[in-house]
Amino acid sequence: NAGVTQTPKFQVLKTGQSMTLQCAQDMNHNSMYWYRQDPGMGLRLIYYSASEGTTDKGEVPNGYNVSRLNKREFSLRLESAAPSQTSVYFCASSPAGTGNNEQYFGPGTRLTVT
Amino acid sequence: AQSVTQLGSHVSVSEGALVLLRCNYSSSVPPYLFWYVQYPNQGLQLLLKYTSAATLVKGINGFEAEFKKSETSFHLTKPSAHMRDAAEYFCAVRVNTGGFKTIFGAGTRLFVKA
């Protein structure tokens, strides 16, 4: 199994450009998540999708949009990139329903906005 | 509100020495607690989790953690550090706010000296 895959692995954008980060999982998980990781701040939740067809804002949603395309795929879009969005982005998935389910993470996308 | 505090952003130990990474949480309900490890340039992976079955939880790679309700702590330990343990470690609490979400601590980077 591939688990959680993310594309691209690296990206450099200029301020104002747009892009979409792709995420897919092959574990038949209901819930999917997008986080950003910045030094000294741990992981902060951007958006999540508890199940196919639903999406909700997390802790830091401003400047981002998401699409739960189907059960496997959950994309994150930056409409107009800003230098403050320079970060490492992780997608994760988990089975739904109970709190003791851990999350499974992708390898991350390293985004630099100049 | 639920939160996670990891004491010490960096911990350095000698190879063979005890590893102790500290985590305290706040939660208004019995928590689900996790430790994740992140090796360089990789996503997070589960080390261990507390789900109320036992207060002492054993994980992968010789790590274990003890849930202490009276101290609201979930410290991670390993009796003898190995060079391959050098990584960043995240404590996390999973909460139900109309769908389960995970709150991560800021992380502790472990250095292992030869």
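Bear in mind the structure is a predicted one, so any value in this text is a computation, not a measurement. To find a chain, count down the sequence lines: A is the first, B the second, and so on, and within it residues start at 1.
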Mind checking whether B:F104 and A:M41 have side chains closer than 4.5 Å, heavy atoms only? no
Common cluster, A:W34/A:F10, ILVMFWY with side-chain heavy-atom separation under 4.5 Å: no
Applying salt bridge (Lys or Arg N to Asp or Glu O under 4.0 Å) to A:E59 and not counting sequence neighbours gives none
Contact origin within A:T54 toward chain B - heavy atom pairs under 4.5 Å: neither
Measuring heavy-atom distances to chain A, does B:L44 have an atom under 4.5 Å in its side chain, in its backbone, in both, or in neither? both
Residue B:Y50 versus chain A: region with a heavy atom under 4.5 Å: neither
Residue, of A:L43, A:L45, A:V88, that accumulates the most heavy atom pairs under 4.5 Å with chain B: A:L43
How far does CD of B:Q42 sit from CZ of A:F90, to the nearest 0.5 angstrom? 9.5 Å
Between A:Y33 and A:I46, is there shared hydrophobic-cluster membership here, with clusters defined by ILVMFWY side-chain heavy atoms closer than 4.5 Å? no
Does A:N101 offer a backbone N or O that forms a donor-acceptor pair with the side chain of B:R94 under 3.5 Å? yes
Are B:L56 and B:F63 co-members of a hydrophobic cluster defined by side-chain heavy atoms under 4.5 Å apart? no
Flag yes if B:V4 and A:V60 sit in one hydrophobic cluster, no otherwise; membership is Ile, Leu, Val, Met, Phe, Trp, Tyr, and two members link when side-chain heavy atoms are under 4.5 Å apart. no
Does any backbone or side-chain atom of B:Q6 lie under 4.5 Å from a heavy atom of chain A? Answer side chain, backbone, both or neither. neither
Would you call B:Y36 and A:E102 a side-chain contact if the rule is heavy atoms closer than 4.5 Å? yes
So which of B:G43, B:G105, B:S9, B:P31 has the largest heavy-atom pair count under 4.5 angstrom toward chain A? B:G43
Got B:K101 and A:S31 here, is their nearest side-chain heavy-atom distance under 4.5 Å? no
State yes or no: do B:Y89 and B:L7 share one hydrophobic cluster built from I, L, V, M, F, W and Y residues joined by side-chain heavy-atom distances below 4.5 Å, directly or via other members? no
Looking at A:G40 and B:A106, what are the two nearest heavy atoms and their distance? O-CB, 3.5 Å
Enumerate by number any residue of residues 103-114 of chain A whose heavy atoms lie under 4.5 Å from heavy atoms of chain B; in the absence of such residues, state 'none'. A:Q103, A:F105, A:G106, A:P107, A:R110
